[in-house]
Amino acid sequence: MKQQIIKLTFTMLLFFVLASCKKEEKIIDKTPITIATLEAGDLKNNHAILYGEIHYLNDEQILDYGFKIALREETTFRTISLGKQAKVGILSYDLQSTFKIGEVYRYIFYVKTDQNTYEGNPVLFTVNDIWVDNSKLQYASPGDVITIKGRFKQVDDSFKLSINSNYSGENSDVAFTLDKEKESLTFTMPTKNIYHGEDARVVLSKKIDYQSLQQYLLSYKIAARLLPPSPGTHYYTDPIKLNAIGLSPYRSHDFKIILGDKVVRYEDNYYAPYIPLNGHSYKLGYIWGQDTVYLKETWDLEVPNMKTTTLKYKIVHPFGHTELEGLDFFKYLVNSKYILAIGKYQGDLAMINFEKDIPVHIGDIPEGKYPIAINSNVYGDLKINDQLTVQNLRISAVDAGTGYYEDPIRIKGNFLPNQEYVIKLGEFEIYYGLPKNGELEFPCSFTLVKGDNNIQIGYAKYGGNFFEVDRKVIKVKGLSIDSFYPTKGAPGDIVKLKVRGAKTNYYRIEVGGVEVSPISVKPGEMEFMVPTVNRRGKTKIRILINSQTFESDDYFEVL
């Protein structure tokens, strides 16, 4: 009984163990194996190197791989086994033998698995006296003229030279020449179908009885090449357009561009302000892994001609302004770093819109005569031939005339024709504008009150802010009623006033506590219609303007 319990327990335990195990499925790669037979190389009297390439391996078990070789006319191949440890890539075998010149051999690269035997296409070779040193990897760029040293005694016009790209797999036949002794072969590397980072194999071939004999000479590692920039005038704001030959648009690369003092990745367009670049002449070069190459050409910017740059206004006030004429801001200065130097002081170039001339704003600079220069990170010091005179504003006289409203007030001083001047009374602006004939002239404003008015005289700084220079007292009479006619009248009658300080219709007239508008206003004269009033009798005539009242000395009688 005990034995049966143990047996039952063991059976149940085994059942649960098996039930808890999940069966793993293995996905078998059935993609076909792909291989190729490559042309033989380093062919000499006593040995030849056979080449094969495995492009892809799947999960089949490799039993054997290697080469099969025979003379061209033979049907029985000799097998050269290289074992079972095959890997993806180019494989080679140094075949030691005594070859006869002119004998043509045929060989095949093969891979045998537990399911199939894969073979590349047959390749023919013959051992001859053609030889080059291919022991070192060499570099070349598309379009390079290349001369190979070696032995080419047996090469004649029946041979073809081809360049094969290991990436695209395309062959390019190229013309070649031999020197008189047939010890050097010269050709031009193609400009198409070979790209930076690829290996370009150089192969000689010849047709013999409809068969192609191929002999590998050597390989070049392809390096892209930067082309010289296009000639012409370049400005700082223009894109720097460069072209390189030998770069694939579909593959990443390590090709770098030297632009001035910067090393940047290759692009079609660069913008000097955003790299950023300093100076106006940039050396050009490129780095392609093995070497750094500089072009003899440079990228040169057009430098502004400062002989044609002048100051539009050569005298300014502190916080004033002038303009630079003859310098195109958007060609030379936009997006660059620069400082406007006024002697040892700093000004401001305030280009906002596409003005023809460049506005120049002056800071709080003492009186004096100063040289002007633009210190630029692109062009260095751009010196302007003109000098700038800074002159404080000085008020020499204030003439309020008669002092009546709307009569002219004249202020004299060393006013500048291009400067906008401001006159204020408290927070009220009573004048804003340019001088005429070297002085400020404006009508006596109704803002000014009868009596003494302490006005502020100054000008507009950069941004429109008021800069006060001086204060003066203006005595104002305002307005006076000298006489009126008739001296009495009924409602609806017309009364004519003789007044000083009234030229325009800005006024109200009060008679007997009732306000009316003037019928007409002429210089020195005003007419109004007597209003209907509550009480008849004598009353003063009053003229109202703003918060001020001007009253007649005599009484008017309302009938």
Side-chain angles (χ1 to χ4, degrees), residues 311-324 340 342 345-353 355 357-370 388-479 501 503-504 506 545-548:
L311 287 173
K312 187 172 184 178
Y313 311 111
K314 297 175 178 58
I315 302 176
V316 297
H317 297 315
F319 298 112
H321 67 88
T322 180
E323 293 178 14
L324 281 181
L340 178 67
I342 305 173
Y345 301 97
Q346 186 172 328
D348 178 37
L349 298 181
M351 201 71 181
I352 299 174
N353 299 314
E355 295 100 335
D357 302 324
I358 305 176
V360 176
H361 292 282
I362 312 303
D364 188 11
I365 297 176
E367 283 190 305
K369 201 168 187 177
Y370 300 97
L388 182 69
T389 299
V390 178
Q391 191 178 88
N392 291 336
L393 173 62
R394 293 179 176 84
I395 306 302
S396 57
V398 176
D399 181 7
T402 62
Y404 289 106
Y405 288 143
E406 301 189 68
D407 283 353
I409 296 175
R410 294 180 177 88
I411 300 178
K412 296 183 179 181
N414 58 336
F415 298 111
L416 302 176
N418 62 298
Q419 178 66 58
E420 291 176 315
Y421 293 92
V422 181
I423 297 175
K424 297 177 71 175
L425 178 66
E427 294 300 317
F428 295 99
E429 189 176 281
I430 58 177
Y431 175 79
Y432 186 102
L434 297 171
K436 294 179 181 179
N437 301 319
E439 63 182 27
L440 306 183
E441 181 179 319
F442 57 96
C444 184
S445 169
F446 304 126
T447 306
L448 301 173
V449 297
K450 185 177 180 180
D452 291 345
N453 292 264
N454 190 12
I455 62 168
Q456 304 148 263
I457 304 172
Y459 48 84
K461 295 196 301 183
Y462 173 55
N465 295 325
F466 175 63
F467 178 67
E468 182 182 331
V469 174
D470 202 351
R471 294 195 175 202
K472 297 292 182 181
V473 174
I474 294 181
K475 291 185 176 294
V476 173
K477 296 177 182 178
L479 190 147
K503 295 180 180 179
T504 54
Y506 290 116
I545 178 71
N546 289 350
S547 60
Q548 296 188 90

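Quick caveat, the model's predicted, so the values are computed rather than measured.
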**Asked** Is any side-chain heavy atom of L448 closer than 4.5 Å to a side-chain heavy atom of I455?
**Response** yes
**Asked** To the nearest 0.5 Å, how far apart are OG1 in T447 and CG in N546?
**Response** 6.5 Å
**Prompt:** About how many Å separate CG of L311 and CG of L324, when rounded to the nearest 0.5 Å?
**Reply:** 6.0 Å
**Side chains of Y345 and P366 in contact at under 4.5 Å (non-hydrogen atoms)** = yes
**Message:** Determine whether a donor-acceptor pair (N or O, by modelled atom type, separation under 3.5 Å) exists between the side chain of Y405 and the backbone of K503.
**Reply:** no
**Asked** Atom CD of Q419 and atom NZ of K461: how far apart are they, to the nearest 0.5 Å?
**Response** 12.0 Å
**Request:** Drop me the distance from L349's CG to L340's CG, to the nearest 0.5 angstrom.
**Result:** 4.5 Å
**Message:** Is the shortest side-chain heavy-atom distance between D348 and V360 below 4.5 Å?
**Reply:** no
**Item:** Considering all heavy atoms, the nearest P318-D364 contact
**Value:** CB-OD1, 4.3 Å
**Request:** Give a yes or no on this: more than 12 heavy atoms of other residues, nucleotides or ligands lie within 6.0 Å of atom NZ of K424.
**Result:** yes
**Request:** Quick one: closest heavy-atom pair of S396 and G413, and the distance?
**Result:** OG-N, 3.6 Å
**Message:** Do V316 and T389 make a side-chain contact, defined as non-hydrogen atoms from C-beta onward lying under 4.5 Å apart?
**Reply:** no
**Charged N-O contact under 4.0 Å between D470 and R394** = no
**Prompt:** Would you say I409 and D399 make side-chain contact, with heavy atoms under 4.5 Å?
**Reply:** no
**Item:** Minimum-distance pair of heavy atoms, taken over all atoms of N418 and I315
**Value:** OD1-O, 4.4 Å
**Fill in**
On a heavy-atom basis, the closest approach of G438 and F415 is O-CD1, 3.4 Å
**Message:** Checking F467 now: which residues fulfil ring-ring contact (aromatic ring centres under 6.0 Å, His included) with it, not counting sequence neighbours?
**Reply:** F319, Y459
**Item:** I342 versus Y370, closest heavy-atom pair with distance
**Value:** CG2-CB, 3.6 Å
**Message:** Quick check on F442: does its CZ atom have over 12 non-hydrogen neighbours (other residues, nucleotides or ligands) under 6.0 Å away?
**Reply:** yes
**Y506 atom OH: more than 12 heavy-atom contacts under 6.0 Å** = no
**Asked** Is any side-chain heavy atom of K477 closer than 4.5 Å to a side-chain heavy atom of T402?
**Response** no
**Request:** Tell me, yes or no, whether the heavy-atom count around N454 atom CG, taken from other residues, nucleotides or ligands under 6.0 Å, exceeds 12.
**Result:** yes
**Item:** Rounded distance (nearest 0.5 Å) linking atom NZ of K450 with atom CD1 of I545
**Value:** 14.5 Å
**Asked** If only atom types and distance count, is the side chain of E367 paired as donor or acceptor with the main-chain N or O of N392 below 3.5 Å?
**Response** yes
**Asked** CD/Q391 to CG/N414 distance, rounded to the nearest 0.5 angstrom?
**Response** 4.5 Å
**Pairwise side-chain contact, I411 with V398, heavy-atom cut-off 4.5 Å (strictly under)** = yes
**Asked** Can you name the residues that form a side chain to side chain donor-acceptor pair (under 3.5 Å) with E406, not counting sequence neighbours?
**Response** T504, Y507
**Message:** For a quick test of reading the model, state the closest non-hydrogen atom pair linking P417 to P435 and the distance between them.
**Reply:** CA-CG, 4.1 Å
**Residue pairs involving residues 314-324 (criterion side-chain hydrogen bond (donor to acceptor under 3.5 Å, both in side chains); sequence neighbours excluded)** = H317-Y421
